Each structure stands twice: as structure tokens, then as C-alpha cells.
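Nothing here was measured: the structure is a model prediction, and the numbers come from that model. The figures here come from the full heavy-atom set of this structure, side chains too, leaving out hydrogens, waters and symmetry mates. Protein chains get the first letters and strands the later ones, always in sequence-line order, with residue 1 at the start of each.
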There are 2 protein chains.
Amino acid sequence: MISKKMKYALKALLFIAAQEGEQVKTKDIAEQAMIPKKFLEQILLELKKGGIIASRQGNTGGYYFLKKPSEVSVADVYRLIDGPIALISCISKNFYEPCSDCPDEASCTIRQTMLEVRDQTLAVMEKTSIADMMN
Amino acid sequence: MISKKMKYALKALLFIAAQEGEQVKTKDIAEQAMIPKKFLEQILLELKKGGIIASRQGNTGGYYFLKKPSEVSVADVYRLIDGPIALISCISKNFYEPCSDCPDEASCTIRQTMLEVRDQTLAVMEKTSIADMMN
DNA sequence: ACAAATTCTACTAATCTTATAGAATAAATA
DNA sequence: TATTTATTCTATAAGATTAGTAGAATTTGT
């Protein structure tokens, strides 16, 4: 299951993308997408640090897309917010870590299946952009 | 990411399956598969309640497969130990729950993508049995 | 009776999730 | 320049989940 944070992140990005380049206020996103405003602030900040969106401060400030919505995949957002897409860390592309209880990675019997799941999940998440989800 | 519990469950089932019908002691599984014994006890109990394995008590007791290893899928184990396979509860087959922040399920823009991920993940997990993983 | 296994219930430390609070900073405008 | 209204930053915290531990009760074979 994805976290609420991830779900909020996607909904927020979809809302910003729908405004077609215009700056969007946190308050508006929070109200329209039913997201607690203070929690949303943190999420938008993470998306900003991840290079997906940018912001302008001050009175007329707000958030806007840095990349094109068609160039931001669900996988990008997932990795930024929820971390590894793989179901076990020893097969993760971006978050690899060896398993402490695994003496030999090559002979691990559950690895192959988890690899298949990872590949299938990734195929969907990488091919789907924020722009794709808007339709 | 799957929980350690889920990983341990799979490794334990694989170990039991490898003994070909014989009863296996918790202690042996724990040692061979590098799983904390007391934690493993709980996991085996859950697998038993889920109808995958059965046990005999007493001096010569132990665990053995109730179903055939070829009839237990990774999806079965996952649902028992880690719960929903779907990434959001509103598309889960076995653990459906509506989203509190979603006014209208049909118009939800992230639902379609999550549905695709679910279908792909499920395809792998349902076609793969414990017996399949042994090779 | 004894030994060795499973069973059952409770507890716990640590981490993660889901927020909330409030002060600091920045920009527009009156 | 003072005010207003945004974002930014840092800290805190309640609740849930994870990953285990502890110990007594029960069962079975010898």
C-alpha cells in the first residue's frame, strides 16, 4: 500500500498540472484535494527538493511545475516520497541494500519472484506520467 | 516493500516444502533460515490459522504442509501476512475500503494507474506457487 | 514423571506515519 | 516603511506498525 503522503503528492501534482503553468497556492490545493494544509506543505517541499516543482515566495507566491507533467512519472514520485519500488531491498535499483538474513544472494529462492513483481510494477509506473493520469 | 515477517514466512514455507511432507521443527527452520525463533513461532501460527500449514504438538511435533506447495501462491501468503496487495484500499479485491479523502471513486485520477499496478503484481503473485519458487 | 515440542497471551523498544505548531523569511502593495 | 499573505524551516507529538522477547500452559512420546 502507498502512504497517504504519496497519495496526497499525486493528487497535489495533478491539481497543479491542471492549472496549466500557473502558480498554485498551497491553500487552494489543500481545499480542492482534501489534504490537511500543514501536511501538504511538507509534501510540496519534498517535491520541490526532488526537482519536480518549484515555488515563488511572498504574497503572490505559489507552486508550479519545473518539469513538464508529461516528463514526471509515477515512479519518480514514488521513489521520492515512498522510497524503493522493489519489494525487497536487495533487488532495488535505486535503494539497493543487502539482506542481513541472506547468506547468498544468487541462491535466494524468493529473489526471482520479487524481481518479476518489481519489473511489472516498474513498467506501469515508469510509463505513466502525471500528464497521462489527467485524462 | 514486504515486511520481514512476509520474507520469513516465505523462507519458512520453502524450507518446510523442501522436506517433502515430513514434519519440521521450528528450531530447525529458525536455524537454517536465519529467523529469530520466537518471531518465527508467531509467523508459523499465522500460517496455520490461514490454513496453509498444520502442526503436531508434543515431543515429536512440528509443522507440515496442509495444502500442496504447488497450490499455495505467493499472493495467498502475502494477503495472510502483509494484507492488501493493491496499493490503495479502494481497489482491493479482498480488503476493500473507501478512501476518506475521495469524494467520487469513479472520477479518481490515480485509481486507473493503481489498478494497472495491482493487476500486474497480482498476475505474478498468483501464478507463482511455493513449489515454483523451489527451483 | 520427564523432556521437548507447540500454543497462547502479553509485553516492549524502535521506527514510521500522519500529522500539528509556530517562528522566520520573502514579496507585493498601500 | 508597515502590512499582508504567501512559502520555508524546525521541532514536536500522538498513534500505528514492525520486529521482536518472555514466560507460562498444553501436548505428546518415552
Roughly how many Å is it from CG in A:Leu47 to C1' in D:dT8, rounded to a whole number? 15 Å
Minimum-distance pair of heavy atoms, taken over all atoms of A:Thr113 and B:Val124: O-CG1, 4.1 Å
Can you tell which of D:dT8, C:dA19, C:dG22 lies closest to the side chain of A:Tyr8? C:dA19
Nearest whole angstrom, please: distance from the P of D:dT5 to the CD of A:Glu41. 16 Å
Return whichever of A:Lys38 or B:Thr60 has its heavy-atom-nearest nucleotide of DNA chain D closer to the 5' end. A:Lys38
Any non-hydrogen side-chain atom of A:Ile91 less than 4.5 Å from a side-chain atom of A:Gln112? no
Specify the separation, in whole Å, of atom CZ of A:Phe39 and atom C1' of C:dC16. 11 Å
For atom CD of A:Gln23 and atom P of D:dT5, their distance in whole Å: 17 Å
In whole angstroms, the gap separating C1' of C:dT25 from CG of A:Leu45 amounts to 13 Å
Look at the side-chain N and O atoms of B:Tyr63 and state whether any lies under 4.0 Å from the OP1 or OP2 oxygen of C:dT7. yes
How many whole angstroms separate atom CD1 of A:Ile2 from atom C1' of C:dT18? 14 Å
Nearest heavy atom decides the nucleotide; on that basis, is A:Asn59 or B:Leu44 closer to the 5' end of DNA chain C? B:Leu44
B:Lys48 vs C:dT7: side-chain N/O to OP1/OP2 distance below 4.0 Å: yes
Can you find a donor-acceptor N/O pair under 3.5 angstrom joining the side chain of A:Gln42 to the base of C:dT18? no
Would you state whether a donor and an acceptor, one from the side chain of B:Gln57 and one from the base of D:dT27, lie under 3.5 Å apart? no
Please give, in whole Å, the distance from D:dA6 P to A:Lys37 NZ? 7 Å
Close side-chain approach of B:Val74 and B:Lys127, heavy atoms under 4.5 Å: no
Can you give me the closest heavy-atom contact between B:Ser107 and B:Asp104, atom names plus distance? OG-OD2, 3.0 Å
Sugar-phosphate only, base, or nothing, as touched by B:Lys27 at under 4.0 Å among non-hydrogen atoms: nothing
Which nucleotide sits closest to the side chain of A:Ser3: C:dT18, C:dT6, D:dG29? C:dT18
Lys/Arg-Asp/Glu bridge criterion (N-O < 4.0 Å) met for B:Glu31, B:Lys37: no
Answer with base, sugar-phosphate or nothing: what part of the nucleic acid does A:Lys25 contact at a heavy-atom distance below 4.0 Å? sugar-phosphate
Rounded to whole Å, how long is the line connecting atom NZ of A:Lys4 with atom P of D:dG15? 15 Å
